[in-house]
Each structure stands twice: as C-alpha cells, then as structure tokens.
Protein chains: 2
Amino acid sequence: MGQDIAGRGDPVKLLELLWGRDKAPRRGPKPKIALEQIVQAAVDIADAEGIEAVSTRRVADAVGISPMSFYTHVPSKAELHDLMLDHIAAPGKEAPPDWPQMDWRARMTLVAEAMWGFYLQHPWVLQFQTHRPVLGPNTLAAYEVALGSVEGIGLDDLEMDLAVTALMDIVVGTVRNAAREKTVRDATGMSDDEWWRRIEPFLETIDYAPYPISSRVGPVAGAEYGAGDPHRAFKFAFERFLDGMELMLERKAGRKA
Amino acid sequence: MGQDIAGRGDPVKLLELLWGRDKAPRRGPKPKIALEQIVQAAVDIADAEGIEAVSTRRVADAVGISPMSFYTHVPSKAELHDLMLDHIAAPGKEAPPDWPQMDWRARMTLVAEAMWGFYLQHPWVLQFQTHRPVLGPNTLAAYEVALGSVEGIGLDDLEMDLAVTALMDIVVGTVRNAAREKTVRDATGMSDDEWWRRIEPFLETIDYAPYPISSRVGPVAGAEYGAGDPHRAFKFAFERFLDGMELMLERKAGRKA
DNA sequence: AAATAACTCTTTACACCGCACAACGTTATG
DNA sequence: CATAACGTTGTGCGGTGTAAAGAGTTATTT
C-alpha cells in the first residue's frame, strides 16, 4: 500500500465506478452482490469502528463473499476509499427550501454547520490525505450546494471558490478536535477526566518558567485540550472569517458605487 | 492496532519519555542505542516516505537493533508517534528577535506561515487524528511562541487561546491541500497534468445540468482541485480572519473607551 | 565470592493485512 | 456445442504489531 491514495490504477475506471458506468458484461455469471453493498458495508464498518477496521477481508465477509472476490468489484482498496467518500456525500445534496430567503451569512453558517455534523458522523474521513478530488455525483452535488451559499452576493467566480474553500477548510481544521473525543475514548477506554487525573501528578513536577504565557492563559498542561469546546473554537474562527468576508463585500460595493 | 492513539498504555510513562525522566536503571547492560536515535530514525523515514513506511521493524533496523528490541525503548508504536510529534516541534521554539517591534498582524502571519512550512516539511503529521495533546517540552514551547503573537493586544486569556487555536486550525485546514500534491505524485507516479489528461475524455460525457454554478465557477471537474493554489486559499482565509480579528479588537477598544 | 534480581536484547510465533496468481464454475455468444 | 468472457474461490507471499519466552549482562544483596 502507498497509503490509501487511489490513482495508481486507472483513474478512469474509478470514475466509471463512481458514475455507475460499468459497461454491463454480457457473459459470465451474475455477480452475487452489487458494488453499492460493498461500499455501504465498508462505510458502516468505518463509522462504527474507524477506517482502520475496514479491511478487504472484513468487507468481503460482511457482504458474504470470499476475500478475493472483493477485487472483482473494486480494483483495490484505494478505489474503495474514494467510493466510500462519494457514497457518504449523498445527503446534503439538496439545499433547504428556504435557502433563497436567507442572507449569505445564514447560508454559509448553515453549510458550515451541516459540514461539521457530517464530519462528526464520519470522522474517519479526516484521516485521509485530501488528494485529487473525488469527482463523483454526490461530491459534485454537495459542492454545488456549498457554492450556492455565496451565489449572487457580489463575489466574482474565483472569489466564490475561495470563499467556499475557506469555509470548508475552517470546518475541517476545527472539527478534527471534536472528532478526537469519541475516537480517543473508544480507543483507550479512558475518559478525558480519567486521563487528566492520571497525568496530573507528573505535570506538577514540571518547571513552567519557560512557559509564562501558556501557564497563565490556561492550566498549562491542558491548554489546547482543556481550553476546550471545539465547537466554540469553530464558532470563534468562523465568526471572524464571516466578519472579514463582510468587510470585503463592503469594500467591493463601495469601490463599485 | 487501534489507529495510532497513545494512551492505551500508561500515559505517565509517555510523559516520562517525553521529558527524559526515565528513572535510570541501575542493573543490566547499557542500552545499545538511545531513545532519541529511534525517534529521529522514525521521523527521517516518515519525512522521506510517509508515515505508513514507519514500521517498528523498519525503525529497529535503521538504528541497528532487532525488531523486538524496539519495545525495550518504546512501549508501543502509538507512543513512538507522540514522541515523533514532540521531536519535530523542536524548531520554532524561539520567537524571532524583532518580535516585539512587529504588530500583531505581522506576528500572527509569521507564526501561521512558519506553521505552514512545518506541515509541508512533515505532511505525515496531518494524517493523525488530533487527540489528547502531546504534552512534551517542544510542543509546549511552540505553543508558547504562538500565544506570544497575541499577547498584550487587548484580548483576554480565553480569547487569546481561541485566536491561536483558530490560527492553527486555519493553517491545518488549508495546508492539507498543499501537502497533497507531493504525496499524491509520489504515490501514484502520475503528475496532476497527466491525471487530468487521462480523465478528461470521461468528464466530457457527464451531464452538468445539475451543477450549474459549479460548471460556471470553474472547469467543473477540477473545481476544488484546479482552482488551485492552496497557499492562495490559505491567504484568502487568513486575511478574512485577520480582518475579523481587527474588527473584534476595535469593538473591544471602543466599548472600553 | 556467590546468588540473585533487574535489566537489554533476541528468537520464535501468532493473527492479521493487501493482493498476485491460478484454478474452477457459470453464462452468453459464435 | 465449443469457446470466450466473466465471477468466485483457495493458496500463497511478504508485510504488519506485538506477546511470550529465553539468553546474556550487570549491579546489588547475601
């Protein structure tokens, strides 16, 4: 493996799978199972136990085929990952009906919050290197909705893309800290409180003289961690970003007028 | 493996390793190698070939010990990862000398750009789930420097933490797209151009009616990807954020006055 | 000085992984 | 009815993390 990056194989093959464009084979036995079942099973495993629990053998077993039969349906594990990504992008393909009446701030906030929820539901997505975009139907549709949040508010096309990219990047950057909690407790069987209690005696032996600001700003040890609520961090960052966007729009409007 | 999360073992043991507080053993032969050599070797491998190339066997081999001897020095691979993270945080422990003369925007930008460079140098860091903070000396020191960029500009302690967290999150969110490029080319042996040329014929067969905005805003297929320069995306997001911060500071100053 | 405890290092082994390869069975086409 | 194209399966290879047990080395205790 070269770490989960599709594309070593034929990238067109992947697109065909994403868009259901498999030229229907005319000979040979009917497949026991459909591609979608494989992808769904893989997503279920990832949601429940993390991406590292998704092995080709395990997925094959879940849908009732032999380990190697997996490779009849999917070229390699890398392609499975891309198929999984497009698969879970299916919800959120449609903008809410009251979309047009909302102002851009509300729309961007809605998109960002939806995305936040999305990553919390599928935290394993964050473990992938973002790579060449998964050009599947669901992914494209979700991007279309996101773009719609900044349509017609005074940005040119490039700025629209930059704004939406910034939105996504801010969500991804902040939600990682939120996804952590559940994952870590599951993996270590230790709550944050318990972890904290365990290390506290050691932390008291550290000389904090070299860290004057840190030791003032938060209980040093738990600075990043204990300061806390990742969603609050997200809201802080996103509010500043939106304020900055507003300033930009005002400047642009002023220049034009 | 439960995906690379330290803590299943004794978290205090990890702290002892991070701070070099191993109670020196008085019996038995002297260790053939030092912990630092192991960690350095692991970082070298990760920098060169990605985190997935870092196996306990490989690291042991690199420092000249048998595979299992690794476990005499490090409780498990998870702890190795945390040690690696603190190890690479060593540079950037010190703020530049002209630090005090700079205004807060320049300081935050400097910190953010340094962080950007850091992640490009060690892109494998982005593949980890952020989890409980690595409370090592280097990590703490780096955090101290980052906090220093917003010291004394009118924020309270909590806001300082939020501002620095936002800075880090924006960098992480955007730099992922930059780290992608090198990694993907290495893994697939295919340049972005070549990849694009390969899939273009297929993309022309897609009906873009459902994606009116996307197909206008960019060449649809390459929307996120082709829109491009990740560092430009970072600058866009970060500039908006800084503008928003400035507004916040003005509001606070106004309220006080 | 001898015994022992504590330590490092090594070998062996296990259960897992992705997947190449070859064999076999099934189906539609010539 | 032969054949080509396909789905499925079993075997096997080289890799993984690490448990367990043993061998060798050193400082402490007796």
Side-chain angles (χ1 to χ4, degrees), chain A residues 1-10 13 16-17 22-35 37-38 42 45-46 49-84 187-188, chain B residues 1-10 13 16-17 22-35 37-38 42 45-46 49-84 187-188:
Chain A
M1 291 291 302
Q3 170 60 1
D4 307 341
I5 293 180
R8 259 177 324 298
D10 183 357
K13 175 66 179 170
E16 286 171 356
L17 291 174
D22 268 88
K23 51 259 169 192
R26 287 278 160 262
R27 309 194 185 183
K30 300 279 166 250
K32 283 171 71 173
I33 46 117
L35 175 61
Q37 295 175 259
I38 291 186
I45 295 171
E49 301 177 43
I51 191 64
E52 70 282 359
V54 179
S55 69
T56 57
R57 286 169 160 90
R58 177 89 187 271
V59 172
D61 188 63
V63 297
I65 58 179
S66 77
M68 281 310 290
S69 198
F70 171 91
Y71 290 97
T72 314
H73 300 87
V74 185
S76 85
K77 200 185 184 184
E79 276 79 9
L80 174 66
H81 286 155
D82 275 3
L83 291 169
M84 290 169 71
T188 66
Chain B
M1 291 293 301
Q3 171 58 2
D4 308 338
I5 293 180
R8 258 178 322 300
D10 184 356
K13 174 68 180 169
E16 286 171 356
L17 292 174
D22 269 87
K23 50 258 170 192
R26 287 280 161 260
R27 308 193 188 183
K30 300 280 168 247
K32 282 170 72 173
I33 45 119
L35 175 61
Q37 296 175 258
I38 292 187
I45 295 171
E49 302 177 43
I51 191 66
E52 71 281 358
V54 179
S55 70
T56 57
R57 284 170 165 87
R58 178 91 188 268
V59 172
D61 188 63
V63 296
I65 57 178
S66 76
M68 282 310 290
S69 197
F70 171 90
Y71 290 97
T72 312
H73 300 85
V74 185
S76 85
K77 199 185 185 185
E79 276 79 10
L80 173 65
H81 286 155
D82 276 3
L83 290 169
M84 290 169 72
T188 66

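Within every chain, numbering begins at 1; the chains are lettered A, B, ... in the order of the sequence lines, protein sequences first and strands thereafter.
The side chain to side chain donor-acceptor pair (under 3.5 Å) pairs that include a residue from residues 60-72 of chain A number zero, where partners must be two or more places apart or lie in different chains.
Checking the phosphate oxygens (OP1, OP2) of dC9(C), no side-chain nitrogen or oxygen of S66(B) falls inside 4.0 Å. Contact check, S69(B) against dT8(C): no side-chain N or O comes under 4.0 Å of OP1 or OP2. Look at K32(A) and you'll find a side-chain N or O under 4.0 angstrom from OP1 or OP2 of dT9(D).
Under 4.0 Å is where a charged nitrogen must lie from a carboxylate oxygen, and between D82(A) and K77(A) no such pair does.
Across all strands, T72(B) comes closer than 4.0 Å to base atoms (heavy-atom distances). Using a 4.0 Å heavy-atom criterion, one finds that V54(A) contacts the sugar-phosphate atoms exclusively.
Going from atom OH of Y71(A) over to atom P of dA23(C) covers 21 Å, rounded to whole Å. As rounded to whole Å, 13 Å separates atom P of dT11(C) from atom CG of D61(B). Per the geometry, CD1 belonging to I65(B) stands 14 Å off P belonging to dT18(D), to the nearest Å. Distance Q37(B) CD to dT8(C) P: 15 Å, rounded to the nearest Å. If you take CD of E49(B) and P of dG15(D), they are 13 Å apart, rounded to a whole angstrom. Residue M68(A) contributes atom CE, which lies 7 Å from atom P of dA20(C) at whole-angstrom precision. For the pair K30(B) NZ and dC7(C) P, the computed distance is 12 Å after rounding to whole Å. Atom-to-atom, CD of E52(A) to P of dG17(D) comes out at 14 Å; the value is rounded to the nearest Å.
Contact annotation: the side chain of L80(A) never approaches that of T56(A) to less than 4.5 Å [non-hydrogen atoms, C-beta and beyond].
Both P29(A) and F70(B) lie near DNA chain D, and the one whose nearest nucleotide falls closer to the 5' end is P29(A).
A donor-acceptor contact under 3.5 angstrom links the side-chain atoms of R57(B) to the base of dG17(D).
Put simply, the side chain of E49(A) never gets that close to the backbone of A46(A): no donor and acceptor are under 3.5 Å apart.
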For side chain to side chain contact (heavy atoms under 4.5 Å, CB included), just list the numbers for I51(A) and M84(A), CA-CA rounded to whole Å, side-chain angles, deciding distance to a tenth of an Å, and then say yes or no. CA-CA 11 Å; I51(A) 191 64; M84(A) 290 169 71; 4.0 Å; yes
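Counting only heavy atoms from C-beta on, R27(B) has its side chain closest to dA5(C) among dA5(C), dA19(D), dG17(D).
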